[in-house]
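If you're wondering where the values come from, they're calculated on a predicted model, not measured in any experiment. Whatever order the structure lists them in is the order used to number ligands and atoms, beginning at 1.
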Amino acid sequence: MTEPGKVSMEKIVSLCQRRGFIFPSSEIYGGLSSCWDYGPLGVELKRNIKDAWWRAVVQERDDIVGLDAGILMHPQTWAASGHLEGFSDPLVECKNCHLRWRVDDLKDKNCPACGGELTKPRLFNLMFKTFMGPVEEEANVVYLRPETAQGMFVNFQNVVNTTRKRIPFGITQIGKAFRNEITTGNFVFRSREFEQMEIEFFVKPGTDEEWFNYWLEERLNWYVNLGIKKEHLRLRQHAKDELAHYARVCYDIDYLFPMGWAELEGIANRGDFDLVQHTKYSGKSLDYFDDETKERFIPYIIEPSAGVDRSALAFLCDAYDEEPAEDEIRVLLHFHPSLAPIKVAVLPLSRREKLVEAAKQVYADLRQCWIVDYDDAQSIGRRYRRQDEIGTPFCITIDFQSLEDKQVTIRERDTMKQIRVPISELKAALAAKLSGEDLFVLPPGGQIWKE
Ligand code: GAP
């Protein structure tokens with residue numbers, strides 16, 4: 001068994017590239033620094049993470065609604081939000097090789113690359129700049145959003161007016177964000193293009209502390225319910241001098257990544273900072289009228305802000321395991337079924353025509369419900385290993401006996417236990433197993449086959 005929290009980043013990177021979870025961006029050109037492409041399995045994993053978020057915060061609640069605002073926003077947004085002024089890192093430049101360095105990353109006074117003399121620190125804004133329309137001039141500058149949050153603040157009044165949600169309520173969105181990060185690395189942990197899942201939860205001032213504590217607990221539980229081990233998560237409060245310019249209080253949910261404890265999600269009490277700023281810059285009132293108490297106020301905002309890529313990395317690291325199996329090592333990903341990229345693999349025992357026909361029928365039927373793989377190459381043992389390594393919870397084996405008795409074998413990834421079930425019961429049995437039912441709860445006509 002892999003010791004908890006001890007899988008190396010090299011092993012995760014190698015598995016991700018070997019099996020098609022994550023590739024370096026534009027790899028045939030040598031890659032693009034700190035940018036990544038998600039392959040066939042990675043895209044499924046990310047979709048499942050985003051679906052789990054949407055399910056937990058929109059589908060299963062009645063106090064949060066979704067939004068999908070544009071990546072490009074009016075440039076005044078970033079003046080109001082404080083990003084134009086405050087979203088920067090102090091950098092020094094080498095007078096010899098012109099590389100730039102973050103001051104807090106430097107161990108001595110000279111350039112770490114060539115030993116050259118360094119300039120005085122200057123602030124370097126982390127937002128990506130581009131131009132709107134055909135003329136590249138200052139008046140046409142727009143930015144790629146560095147967080148999805150602002151789209152939700154500027155649409156606060158639109159959502160209140162069109163949904164008639166009453167406070168306390170939230171808006172959530174999932175989408176790309178871009179930061180011209182200076183210190184990158186650790187695989188997808190810190191990249192320049194990434195995805196965020198954020199909630200802006202609007203509350204009455206005075207109730208903000210209570211809601212902040214509520215969201216800390218909710219968000220921790222979300223990770224635990226999706227399989228992350230409790231001992232690999234911790235809460236860390238930001239010290240006064242590390243708080244973002246908008247935050248009154250902030251906690252990170254840290255995960256024990258291979259390189260150590262690091263931020264997985266931030267939960268901030270943003271107070272009324274954002275709505276006050278956008279009111280000031282837009283001239284449009286963003287206050288709220290409470291029909292019951294007849295009070296008018298500017299809501300406070302509690303913001304859980306998670307990264308899809310960091311979540312994917314955490315789920316991969318936490319799921320990774322190695323077990324001795326016969327004379328080799330069985331590598332497996334213990335993904336929660338709802339996160340597993342492929343839910344079921346259909347494996348005919350041989351390529352004989354009759355068996356293939358029956359297997360393809362099962363495959364076609366199961367694909368109506370889930371992402372299913374079909375694999376008939378090499379020995380059944382090797383095929384099981386291939387599915388274990390990508391975290392497929394169940395394999396279905398179709399053998400010659402299946403042609404006689406119309407039954408197939410379900411084999412479970414984690415325990416390697418097997419049961420026989422009638423093909424007519426297969427879909428219902430898999431649906432129950434994927435939602436957490438024990439493998440040995442048998443459908444009508446099923447039997448324990450191998451332990
Ligand atoms: N709206 C608040 C906000 O953006 P943040 O702490 O800067 O707060 C929130 O970012 C989350 O976004 C982080 O916890 C992390 O999961 C993710 N994130 C931020 N920068 C990232 C980067 N460069 N690469 C990957 N994920 C990043």
I'd like to check which ligand 1 atoms, numbered from 1 as shown, lie under 4.0 Å from a non-hydrogen atom of [X].
X: E147; answer: 1 (N), 2 (C), 3 (C), 4 (O)
X: E265; answer: 14 (O)
X: E303; answer: 1 (N), 2 (C)
X: E198; answer: 1 (N), 2 (C), 3 (C), 4 (O)
X: G266; answer: 14 (O)
X: R270; answer: 1 (N), 2 (C)
X: Y246; answer: 2 (C), 3 (C), 8 (O)
X: S305; answer: 1 (N), 2 (C), 3 (C), 4 (O), 8 (O), 9 (C), 10 (O), 11 (C), 14 (O)

Classify the ring geometry between [X] and [Y] as parallel (under 30°), tilted (30 to 60°) or perpendicular (over 60°).
X: F257; Y: F189; answer: perpendicular
X: F187; Y: W36; answer: perpendicular
X: F156; Y: Y288; answer: tilted
X: F178; Y: F128; answer: perpendicular

Tell me whether the guanidinium CZ or amine NZ of [X] lies under 6.0 angstrom from the six-membered ring centre of [Y] and within 45° of its axis.
X: K46; Y: Y38; result: yes
X: R386; Y: Y384; result: no
X: R219; Y: Y223; result: yes

With respect to [X], determine whether any N or O atom, backbone or side chain, lies less than 3.5 Å from an N or O atom of ligand 1.
X: S191; answer: yes
X: G307; answer: yes
X: E181; answer: yes
X: V188; answer: no

- Item | Pick from E193, R179, E263: the one approaching atom 20 (N) of ligand 1 most closely through a non-hydrogen atom | R179
- Query: Quick one: which of V160, V154, N155 gives a side-chain contact (heavy atoms from CB on, under 4.5 Å) with N158?
  - Reply: N155
- Paired with Q150, the side-chain hydrogen bond (donor to acceptor under 3.5 Å, both in side chains) test is passed by just one of Q277, H74, E200, H278, namely H278
- State which residues pass salt bridge (charged side-chain N to carboxylate O under 4.0 Å, His left out) with R55; sequence neighbours excluded, sorted by chain then number. E60
- Query: Does some non-hydrogen atom of L264 fall short of 4.0 Å from ligand 1?
  - Reply: yes
Considering non-hydrogen atoms of the protein only, which is the closest contact for [atom], and what is the distance?
atom: atom 18 (N) of ligand 1; result: F194 CE1, 3.6 Å
atom: atom 12 (O) of ligand 1; result: Q196 NE2, 3.2 Å
atom: atom 25 (C) of ligand 1; result: F189 O, 3.1 Å

- Taking 4.0 angstrom as the limit, do E93 and R100 come out as a salt bridge? yes
